[in-house]
Amino acid sequence: MSKIERVWVYTDAGLQERITVVRFDVRQRIEHLLVTLCTAILALTGLPQKFHDETWARWLISTMGGIEVTRTFHRNFAIILTVVAVYHVLNVVYQIFSRRARLTMMPTAKDVSDAFVMLRYFMGRSKEKPQFDRYSFGEKFEYWALVWGLVIMGITGFIVWFPTKVTIYFSGEIVPAAKMAHGWEALLAVLALITWHSWNVHLRKFDTSIFTGRLSKMEMMEEHPLEYARIMAEETELAVIRPDVGDDTSGGS
Amino acid sequence: MKHGLVLLVLAVAMVLALMAGVFVLVAQAGPNAQPPLPHTLEGREYCLACHAPESFKPVPADHVGRTVESCTECHTTPEAVTPMPIGNEACLQCHQNLDLSMTLSSGENLPLYIDAEAFSQSVHGASHVMCIDCHRFMEYPHPELEAESRREFSLVAYEACRRCHSDKYEQTLDSVHAEILRTQSWLAPVCTDCHGAHYVVDPHQPRTRVSQTCAQCHRPIYDNYKDSVHGKALIEEANPDVPVCTDCHGVHSIQDPRTAVFHVESPELCARCHTDENLMAKYNLSTRVYKTYKEEFHGMTVEFYRTYYPTIWCYKAVCTDCHGIHDIKKTHDPTSSVHPDNLLNTCRKCHPDAGPKFTAAWTGHYEPGKDRAAMVYYVQLFYRTLIPLIMAGILGYIVLDAVRLVLNRRRRREIR
């Protein structure tokens with residue numbers, strides 16, 4: 001899981017140890033970049049198709065090279081995103097079964113109570129904010145919203161792409177139903193991105209950890225105190241079992 | 001100063017009035033006026049007394065050498081005595097002879113008989129158009145015909161139409177018929193092939209005449225059309241609402257309907273009538289067909305082609321690809337291409353791998369509702385409920401979060 005980087009730096013207060021937690025590995029950062037790229041292009045080429053009567057949509061589509069080019073881009077990036085998603089699922093299965101990774105993204109009862117505590121904190125009814133582990137309830141909400149969205153978009157997209165193949169097995173009515181769902185789900189996804197996602201990681205605080213992979217000790221203690229505590233505890237534990245680990249600045253785990 | 005200006009205006013007005021008066025007087029006495037004839041109209045020798053070639057008012061140069069017995073054979077009435085025009089009666093003296101005809105160098109017989117009665121009932125006869133208005137050879141004997149065949153003669157003679165109907169003539173120059181005439185075949189129609197030559201009547205009366213005119217050449221299409229919902233109503237009920245050929249194809253500037261442009265523009269053609277509330281209400285037909293089509297995959301794509309690249313062939317169905325072109329039937333007619341029994345075969349024209357369940361993918365121009373395309377309706381209902389709920393939740397959360405953030409910062413500042 002998370003690694004710890006320790007660097008000794010000179011400050012006004014003298015030589016100090018600066019602790020940085022590597023929250024996302026390179027694989028996860030690349031995955032996020034790919035999802036970002038694909039989602040942006042899919043939204044850019046897809047939404048004008050949903051709102052094809054609007055002037056801006058017509059302008060966008062003609063600027064991108066016409067309706068056929070727009071559809072070609074849309075379908076190709078849909079394939080790339082599907083590949084990323086399948087890779088992600090395979091990797092999750094591998095991490096859980098072979099690496100015995102903890103199910104950090106799994107919603108728990110604590111997430112529900114955290115959400116209520118958070119709301120009470122906002123309204124001044126609670127002095128303390130909820131303490132989060134590796135993922136807060138908000139992050140889990142977004143992750144599972146993305147999973148739901150990808151499943152819906154993938155299935156409905158496939159249906160409207162290959163209507164004759166799909167209707168060998170299913171009623172023809174699912175084709176217009178899938179088209180309806182594809183458009184509305186896309187709208188929901190984009191709305192969620194420009195509100196929930198933008199607020200939490202761009203506006204409220206510009207969170208660069210998904211690009212650099214790193215959070216400072218202060219940020220960890222503020223946003224993920226439970227995880228930070230566990231990392232520290234594990235490190236101490238490891239230091240007891242394998243004394244070489246504690247001194248290694250490149251981290252163990 | 002002011003008086004000067006008024007006087008100037010008055011002076012100009014007076015001069016103008018004077019000029020107008022003089023102009024009117026001169027115009028009345030001009031060449032158009034009919035002077036009373038100072039003599040009787042009897043016998044060639046009478047005429048030549050005044051109109052001999054060397055006399056004060058000679059016969060026109062092209063009259064010299066004419067061997068008719070009397071000038072009055074052509075110049076029958078006082079009106080006709082004026083230099084122009086030669087009355088139709090003059091022409092009819094020969095041309096009402098039923099047997100009058102000539103043989104062209106192609107061997108074809110060119111009948112020269114004119115039915116004066118029928119001509120007088122034609123639009124031109126009724127408005128006193130003269131033979132020589134179209135046939136400009138006034139001299140007799142007539143100059144020799146250059147045309148070698150009847151078709152060649154028609155192709156030369158029809159040019160006369162443009163002298164009065166230049167707008168229509170110019171429209172035909174842009175038509176597919178003119179294009180074929182220029183590049184492929186002399187048989188492509190010119191004015192007189194559709195309207196007739198001497199017995200032109202109102203081409204729209206009765207309405208069936210239009211389609212029958214086209215049928216002269218396009219017989220197989222007419223046969224398709226006459227069994228269609230439109231053709232049947234026209235021919236059997238003289239229905240004034242259904243389209244005849246020219247309502248869809250245009251009149252003089254008829255375009256090739258097989259082009260990419262015509263294909264993508266054709267839905268608008270159908271929509272002209274099928275979005276007309278009053279017209280469709282008469283037949284209990286929906287006016288939403290065009291709207292639902294444009295919202296759907298085929299229609300939306302066709303609309304993009306129409307707007308941005310109409311000359312590229314769009315392989316998406318337009319109205320006629322499913323409903324038929326000239327043989328359009330009522331949708332519940334068992335022979336209709338969109339009747340449930342035939343719909344799959346119609347889909348397979350473009351989707352050859354479509355199975356029997358595929359046809360339900362088309363919601364038949366209906367907007368999704370509980371009775372029709374219910375699955376689509378409930379998906380729509382689901383998202384129309386879900387999206388506002390989720391967005392309300394998210395926005396509520398953000399507002400609360402933001403308010404708390406601001407309050408916390410203010411408190412921190414106060415503590416400091």
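Just so we're on the same page: letters track the sequence lines, and every chain starts at 1. The analysis underlying the following values was restricted to heavy atoms, covering all of them including side chains, and did not include hydrogens, waters or symmetry mates. Keep in mind it's a predicted model, so treat the numbers as computed, not measured.
- The number of heavy-atom neighbours closer than 6.0 Å to NZ of K330(B), taken from other residues, nucleotides and ligands shown, is 12 or below.
- Side chains of M123(A) and L400(B) form a contact here, defined as non-hydrogen atoms less than 4.5 Å apart.
- For F382(B), the CZ atom is densely surrounded, since the number of other residues' heavy atoms within 6.0 Å is greater than 12.
- When side chains are defined from C-beta on, R58(A) counts as touching Y308(B), because their heavy atoms get closer than 4.5 Å.
- For L188(A), the parts lying under 4.5 angstrom from a heavy atom of chain B are both the backbone and the side chain.
- Counting heavy atoms from C-beta outward, V403(B) and F122(A) have side chains that stay 4.5 Å or more apart.
- Residue-environment remark: NZ (K217(A)) stays at or below the threshold of 12 foreign heavy atoms within 6.0 Å.
- Counting non-hydrogen atoms of neighbouring residues, nucleotides and ligands closer than 6.0 angstrom, the OH atom of Y135(A) exceeds 12 such neighbours.
- Remark: F116(A) CZ is loosely packed, at most 12 non-hydrogen atoms of other residues, nucleotides or ligands lying under 6.0 Å away.
- Rounded to the nearest 0.5 Å, atoms CZ (R384(B)) and CH2 (W184(A)) are 5.0 Å apart.
- From I67(A), atom CD1 reaches atom OG1 of T301(B) across 6.0 Å, with rounding to the nearest 0.5 Å.
- Taking E296(B), H351(B), M391(B), M300(B) one by one and counting their heavy-atom pairs under 4.5 Å with chain A, the maximum is reached by M300(B).
- For the options L395(B), L405(B), T363(B), heavy-atom pairs under 4.5 Å to chain A are most numerous at L405(B).
- More than 12 heavy atoms of other residues, nucleotides or ligands sit less than 6.0 Å from atom CH2 of W313(B).
- Note that CE of M118(A) and CG of D401(B) are 6.0 Å apart. Values are rounded to the nearest 0.5 Å.
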Checklist entry - Could you go step by step and tell me if Y309(B) and E68(A) meet the side chain to side chain donor-acceptor pair (under 3.5 Å) rule? => result CA-CA 11 Å; Y309(B) 13 85; E68(A) 305 288 0; over 6 Å; no

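- Only the side chain of I152(A) comes within less than 4.5 Å of a heavy atom of chain B; its backbone N, CA, C and O stay farther away.
- With a 4.5 angstrom heavy-atom cutoff, P368(B) touches chain A only via side-chain atoms.
- Neither the backbone nor the side chain of L203(A) has a heavy atom closer than 4.5 Å to any heavy atom of chain B.
- Checked against the 6.0 Å centroid criterion, the rings of W199(A) and Y397(B) do not qualify as a close aromatic pair.
- Note on E185(A), K165(A), Q49(A): by heavy-atom pairs under 4.5 Å with chain B, the leading option is E185(A).
- Taking a 6.0 Å sphere around OH of Y366(B), one finds it holds 12 or fewer heavy atoms contributed by other residues, nucleotides or ligands.
- Annotation for I61(A) and F304(B): closest pair CD1-CZ, 3.4 Å, computed over non-hydrogen atoms.
- The minimum heavy-atom distance linking V379(B) with A177(A) is given by the pair CG1-O, 3.8 Å.
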Checklist entry - Under the side chain to side chain contact (heavy atoms under 4.5 Å, CB included) criterion, do I168(A) and F358(B) qualify, and how do the steps go? => result CA-CA 7 Å; I168(A) 294 173; F358(B) 180 70; over 6 Å; no

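- Without hydrogens or angle criteria, E173(A) side chain to M375(B) main chain gives a donor-acceptor distance under 3.5 Å.
- Within a 6.0 Å radius of CZ in R410(B), other residues, nucleotides and ligands contribute 12 heavy atoms or fewer.
- Using a 4.5 Å cut-off on side-chain heavy atoms (C-beta onward), V160(A) and F297(B) make no contact.
- Residues Y383(B) and M180(A) fail the side-chain proximity criterion, which asks for heavy atoms closer than 4.5 Å.
- Across T195(A) and I398(B), no two heavy atoms sit closer than the pair O-CD1, 3.7 Å.
- Only the backbone of F170(A) comes within less than 4.5 Å of a heavy atom in chain B; its side chain stays farther off.
- R404(B) CZ to L119(A) CG: the interatomic distance, rounded to the nearest 0.5 Å, is 12.0 Å.
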